[in-house]
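Below is one structure, written out as structure tokens, with a few remarks after it.
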Amino acid sequence: MSYVRNVEDGLLREEMTKEGGKLSYCCDICKKSFSQRGNLTTHKCISTGEKPYHCDICGKTFSQKCNLNTHTRIHSGMKPYHCDICGRSFARNLVLSIHKRIHSGEKPYHCDICGKSFSQKSSLTAHTRLHTSEKPYHCDICGKSFSVSTNLTKHKRIHAGEKPYHCDICEKSFTEKGSLITHTRIHTGVKPYHCDICGTSFSLNKALTTHKLIHTGEKPYQCDICGKSFTQKVSLTIHKRLHTNEKPYHCEVCGKSFPGSNDLTKHTRIHTGEKPYQCDICGMSFSQKASLTTHKHLHTGEEPYHCDICGKSFALNNALTTHKRIHTDEKPYQCDICGKSFTQKGSLTIHKRIHTGKKPYHCDICGKSFTEKGSLTAHKRLHTGEKPYHCDICGKSFTQKGSLTKHKRIHTGEKPYQCDICGKSFTEKGSLATHVRLHTGEKPYQCDICGRSFALNDTLIKHKLIHTGEETRP
């Protein structure tokens with residue numbers, strides 16, 4: 001037995017069928033059947049695009065009443081679903097179910113291309129697009145495409161300048177909710193993600209994943225131009241800009257451009273004077289997290305990064321990377337003026353100031369200027385008398401760490417710098433460079449008055465006294 005009736009509220013026609021004593025509601029468009037009329041009504045709203053349920057706070061509309069109820073919890077802050085393992089609360093039962101998979105380790109969705117598993121179906125869908133290169137979501141302002149709709153939503157906030165998530169402690173605003181959660185951990189100090197190998201804790205799961213690559217040595221992201229590999233995709237993206245010279249992030253104060261957003265953030269603190277990272281031992285503050293990490297190693301003496309060639313240890317992974325270039329003789333940073341190459345980008349920046357004459361670091365006591373910040377710091381200790389670096393053998397103190405390192409070689413007899421022409425060894429790199437000039441005959445220091453050249457800068461300075469009359473020729 002079946003019959004058809006028109007629905008008076010303006011919805012599409014419904015067909016009711018009675019079979020075996022049960023009444024079912026059938027959609028006359030797709031013939032899908034429902035046991036309840038309300039389910040058919042919801043189904044028709046999805047088919048027609050109709051959204052009859054309105055939020056009376058923000059005006060957003062929904063096709064289902066249950067979605068409106070869930071949405072309303074954003075305004076009310078109500079989170080009725082609680083995790084019985086960690087106590088975390090959620091506005092939706094579905095989100096709680098997905099969250100529980102973190103505790104159980106369940107990942108029911110598997111990629112049939114690479115076999116990787118996921119706890120959410122949407123994560124698998126997004127992952128599959130890495131294989132297919134599909135980016136179905138397009139920005140109608142700049143044309144940039146994305147594989148996930150949420151990334152497009154976040155991206156559009158760059159154009160709109162919208163930052164809807166606010167920190168209730170310092171009132172800083174963010175474009176993404178995740179960024180706010182991460183930021184809040186700066187105030188609370190919470191680091192919920194722990195490395196099961198070394199015990200180091202992190203505020204971000206992504207940071208833990210990246211950290212674990214240090215233990216495995218894995219670098220899955222490779223540059224197709226020079227072959228260099230990276231542990232993070234974002235590091236590869238920024239690295240590629242060295243090849244293209246792209247610098248999309250601009251400082252609105254001085255106009256300087258940067259290849260990465262983090263570089264711009266760090267730079268901006270020069271103008272604002274902001275130092276958000278504070279040492280909980282001595283209270284000293286820093287503009288960069290890496291600087292705080294390095295500083296803390298002064299208190300702990302920790303040097304967790306080891307060179308697998310010579311065994312030397314370092315407080316920072318970047319310092320280890322730079323050190324390894326001594327063994328490989330790699331000098332990736334080249335001066336475009338004189339062609340000289342360097343192992344560190346910072347060394348190239350400092351070197352270029354020889355050509356430009358720029359000395360951006362000024363002593364506020366005597367006014368003397370320096371090309372390097374480290375030189376200014378060391379210079380200031382002449383005024384304060386501070387000598388923070390102590391020899392643990394004889395007790396002698398020094399204003400610079402490098403001076404202590406050189407001094408210790410007196411006790412150890414170490415001469416790590418060897419001439420590859422005659423085999424003679426030296427305690428300092430500068431002494432080796434000077435010695436090599438005996439073999440090459442190079443005299444890079446030239447008098448701008450008489451044109452005479454010298455192998456040493458000190459000799460040039462003494463020579464100039466002859467022209468000024470401060471010293472007479474014997």
Side-chain angles (χ1 to χ4, degrees), residues 54-60 62 67-100 102-103 120 148-194 200-209 234 249 251-253 261-281 283-293 296:
H54 306 275
C55 174
D56 54 9
I57 298 172
C58 69
K60 194 171 182 180
F62 301 88
N67 290 342
L68 172 60
N69 292 338
T70 302
H71 165 80
T72 305
R73 290 172 190 148
I74 295 173
H75 300 297
S76 66
M78 183 170 59
K79 294 181 178 180
Y81 302 100
H82 310 286
C83 175
D84 53 7
I85 299 172
C86 68
R88 193 173 171 187
S89 299
F90 301 89
R92 296 171 64 195
N93 189 30
L94 177 63
V95 179
L96 171 60
S97 299
I98 294 169
H99 163 79
K100 282 190 171 182
I102 295 172
H103 301 297
Q120 299 182 53
V148 183
S149 62
T150 51
N151 289 345
L152 172 60
T153 302
K154 293 170 187 175
H155 166 79
K156 280 191 170 182
R157 289 175 186 148
I158 296 172
H159 298 299
E162 182 188 359
K163 293 183 178 182
Y165 303 100
H166 310 284
C167 174
D168 53 10
I169 299 172
C170 68
E171 296 183 357
K172 193 171 182 180
S173 298
F174 301 87
T175 56
E176 300 180 31
K177 188 178 181 180
S179 299
L180 172 60
I181 292 170
T182 303
H183 164 81
T184 304
R185 289 175 185 150
I186 294 173
H187 299 297
T188 62
V190 177
K191 293 182 178 181
Y193 303 101
H194 312 286
T200 304
S201 298
F202 301 88
S203 58
L204 279 175
N205 188 32
K206 189 177 180 180
L208 171 60
T209 303
V234 66
Y249 301 96
C251 175
E252 57 186 19
V253 179
S261 61
N262 284 342
D263 297 324
L264 173 59
T265 301
K266 292 171 186 175
H267 165 80
T268 303
R269 290 175 186 146
I270 295 172
H271 300 297
T272 62
E274 184 189 5
K275 293 182 177 181
Y277 303 101
Q278 190 175 42
C279 177
D280 53 7
I281 300 171
M284 195 170 178
S285 296
F286 300 87
S287 59
Q288 297 184 41
K289 189 177 181 180
S291 300
L292 172 60
T293 303
K296 279 192 170 182

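Just so you know, these numbers come straight off a predicted model, no measurement behind them.
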For [X] against [Y], the heavy-atom pair lying closest together:
X      : Y      : result
Asn67  : Phe62  : CB-CD2, 3.8 Å
Phe286 : Ser291 : CD2-CB, 3.8 Å
Tyr193 : Leu204 : CD1-C, 3.3 Å
Cys167 : Cys170 : SG-N, 3.5 Å
Phe90  : His99  : CZ-CG, 3.3 Å
His194 : Lys191 : CE1-O, 3.1 Å

Evaluate Thr72 against Met78 for side chain to side chain contact (heavy atoms under 4.5 Å, CB included), listing each step before the verdict. CA-CA 9 Å; Thr72 305; Met78 183 170 59; over 6 Å; no
Do Val95 and Ile98 have side chains that approach each other closer than 4.5 Å (heavy atoms only, starting at C-beta)?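 Of all side-chain heavy-atom pairs linking Ile98 with Val95, none is under 4.5 Å.
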Cys251 side chain near Leu264 side chain, heavy-atom distance below 4.5 Å: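 Heavy-atom side-chain distance check passes, below 4.5 Å.
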Measuring from [X]:[atom1] to [Y]:[atom2], what's the distance to the nearest 0.5 Å?
X      : Y      : atom1 : atom2 : result
Ser149 : His155 : OG    : NE2   : 14.0 Å
Asn205 : Ile102 : CG    : CD1   : 8.0 Å
Thr150 : Lys177 : OG1   : NZ    : 13.5 Å
Asp280 : Leu292 : CG    : CG    : 7.5 Å
Thr268 : Glu252 : OG1   : CD    : 7.5 Å
Asn262 : Lys289 : CG    : NZ    : 11.0 Å

Run the side chain to side chain contact (heavy atoms under 4.5 Å, CB included) check on Thr175 and Lys154 step by step: do they pass? CA-CA 7 Å; Thr175 56; Lys154 293 170 187 175; 5.7 Å; no
Apply the side-chain hydrogen bond (donor to acceptor under 3.5 Å, both in side chains) test between His271 and each candidate in His267, Glu274, Arg269; give the one that qualifies.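 Only match with His271 under side-chain hydrogen bond (donor to acceptor under 3.5 Å, both in side chains): His267.
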Determine whether a donor-acceptor pair (N or O, by modelled atom type, separation under 3.5 Å) exists between the side chain of Gln278 and the backbone of Ser285.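 It does not hold such a pair.
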